[in-house]
Amino acid sequence: MIDNPYSSAVIAWFGTHARDLPWRADDASPWSILVSEIMLQQTPVVRVLPAWEAWMRRWPTPSALAAEPAGEAVRMWNRLGYPRRALNLHACAREITERHGGEVPSEHAALLALPGVGSYTAAAVASFAFGGRHAILDTNVRRVLARAHTGIEYPPKATTRAETRLAESLLPEDPATAVRWGAAVMELGALVCTARSPECSACPIADRCAWRAAGHPAHSGPPRVGQKYAGTDRQVRGRLLAVLRASPAPVHKPALDAVWDDPVQRERALDALVADGLVDPLDDGRYALPG
DNA sequence: AACGCGTGGCC
DNA sequence: TGGCCAAGCGT
């Protein structure tokens, strides 16, 4: 049976080059896979590894996390970044406990309904935890397909219908093969077909790569604008939350005021954290992680 | 449909 | 050095 022009080579490469990641173990639970996927959103594997280990040791099941206040999740999140993900994971745990009998749902639609679970994460959990046949389209896969199939260096900024259709058209028929393909092509993007320095000499589909065949033409689309960080509200939010994480007790306002000079920006950032549910303003004027 | 949202490592 | 990038999501 012919699946897609790349699948057998990529899957074979995966067999010998896949990283030994703990959430890929045979006995990894659906919950542990969901936790890994949320942590991996915009965060490199090397930083997720220790955080995932600690998290799973403390909260091996959704109900274990659901039994604790959300602030404990935010504190445990430490400096992984995008701390609303900790809130999302806690809300996931509560929903799974209350509405799914304590078991992570296996259906794509049910997963998609969980907070912080979007199209990619739902497909990844349905596929990797439950063996479902779903197209995996993350930043790694998008880059591999842009190069190998479309012949361009980088995919568009936002996922297009054409990319989704392409990924679905490449999905092997057999579910187990589809799962393997998804993990394998993602790994290829992470290890070989990287954004800055692709190692075409180590690529199992170099001889079928449209971008390489065209002589590696440079990116010709609109300039890819990066995000600033220094001086932004995000930096202020990060500092404010760091103070709260470090303190076992609620903190007084002056402790928060000390982290940023500009009072307008400081207040705006604090208000936003409260609005996001990441900070709890107490009646006595102090501030705490959410209860 | 752009934009906001953390953090750290790399060349 | 500083911009770029890292298994996205929600609005």
Side-chain angles (χ1 to χ4, degrees), chain A residues 18-19 21-24 28 32-52 74 77-89 91-92 111-129 134-144 153-161 163-164 167 179 182-191 193-198 219 222-245 259 265 268-269 271-273 275-279:
Chain A
R19 289 167 293 181
L21 302 172
W23 44 84
R24 285 184 184 156
S32 77
I33 291 172
L34 174 59
V35 171
S36 78
E37 291 299 342
I38 299 282
M39 286 184 170
L40 286 163
Q41 290 170 0
Q42 300 285 280
T43 306
V45 166
V46 287
R47 288 178 51 212
V48 166
L49 241 16
W52 181 88
V74 175
W77 199 254
N78 199 17
R79 303 187 66 82
L80 254 197
Y82 292 146
R84 62 178 49 168
R85 292 182 293 166
L87 239 34
N88 287 337
L89 216 30
C92 278
L111 289 161
L112 197 54
L114 295 173
V117 175
S119 169
Y120 161 74
T121 303
V125 174
S127 180
F128 303 146
H134 300 278
I136 302 296
L137 198 53
D138 75 325
T139 188
N140 291 305
V141 179
R142 293 182 64 217
R143 187 174 54 250
V144 171
E153 185 176 15
Y154 296 117
K157 275 201 288 280
T159 307
T160 62
R161 287 291 295 275
E163 287 182 275
T164 303
V179 171
V185 67
M186 202 165 39
E187 190 80 336
L188 184 64
L191 297 184
C193 193
T194 62
R196 286 181 194 155
S197 53
H219 178 71
R224 300 147 48 83
V225 295
Q227 314 200 51
K228 290 187 194 41
Y229 180 64
T232 64
D233 287 9
R234 277 195 292 178
Q235 184 177 23
V236 187
R237 289 165 57 109
R239 289 193 183 181
L240 291 170
L241 217 48
V243 171
L244 290 165
R245 273 197 312 262
V259 306
Q265 189 177 19
R268 185 173 65 224
D271 287 348
L273 285 172
D276 288 348
L278 282 162
V279 172

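Below, read A as the first sequence line, B as the second, and so on, with proteins coming before strands; counting in each chain starts at 1. The figures here come from the full heavy-atom set of this structure, side chains too, leaving out hydrogens, waters and symmetry mates. Not measured: the values here are computed from a predicted model.
Distance A/Gln235 CD to B/dG8 P: 11 Å, rounded to the nearest Å. Rounded to a whole Å, the CZ atom of A/Arg161 is 12 Å from the P atom of B/dA1. B/dC5 atom P lies 15 Å from atom CZ of A/Arg239, rounded to whole Å. Atom C1' of nucleotide B/dG6 and atom CZ of A/Arg237 are separated by 9 Å, given to the nearest angstrom. The nearest whole Å value for the distance from the NZ atom in A/Lys157 to the P atom in C/dC4 is 12 Å. In this structure, A/His219 places its NE2 atom 11 Å from P of C/dC4, rounding to the nearest Å. For A/Leu87 and B/dG6, the CG to P distance is 11 Å, given to the nearest whole Å. As rounded to whole Å, 18 Å separates atom P of C/dC4 from atom OH of A/Tyr229.
Taking atom P on both B/dA2 and C/dA7, the two are 23 Å apart, rounded to the nearest angstrom. Taking atom C1' in both B/dG9 and C/dC9, one finds a spacing of 24 Å when rounded to whole Å. Of the P atoms belonging to B/dG6 and C/dT1, the separation is 27 Å, rounded to the nearest Å. Comparing B/dC5 with C/dG2, their P atoms are spaced 22 Å from each other, to the whole Å.
Between atom CG of residue A/Leu111 and atom OG of residue A/Ser119 there is a gap of 11.5 Å, rounded to the nearest 0.5 Å.
Identified under the side-chain hydrogen bond (donor to acceptor under 3.5 Å, both in side chains) test for residues 42-52 of chain A, with sequence neighbours left out: A/Thr43-A/Arg85.
In this structure A/Arg24 satisfies the salt bridge (charged side-chain N to carboxylate O under 4.0 Å, His left out) test together with A/Glu187, sequence neighbours excluded. Shown here are the salt bridge (charged side-chain N to carboxylate O under 4.0 Å, His left out) partners of A/Asp271, two or more places apart in sequence or in another chain: there are none. With sequence neighbours excluded, the residues satisfying side chain to side chain contact (heavy atoms under 4.5 Å, CB included) with A/Thr232 are A/Lys228, A/Tyr229, A/Arg234, A/Gln235. The side chain to side chain contact (heavy atoms under 4.5 Å, CB included) test applied to A/Ala272 returns A/Arg237, not counting sequence neighbours.
Among the heavy atoms of the strands lying under 4.0 Å from A/Leu80 is at least one base atom, whether or not backbone atoms are also near. Base engagement by A/Arg234 is indicated by at least one non-hydrogen atom pair under 4.0 Å involving a base atom. Residue A/Arg268 is classed as having no contact, given no heavy-atom separation below 4.0 Å to the nucleic acid.
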I need a per-nucleotide contact map over nucleotides 5-11 of chain C, read 5' to 3'. Cutoff is protein heavy atoms under 4.0 Å; write B for the base, S for backbone only, - otherwise. SBBBSS-
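Under a 3.5 Å cut-off, the side chain of A/Arg142 and the backbone N or O of A/Glu163 do not form any donor-acceptor pair.
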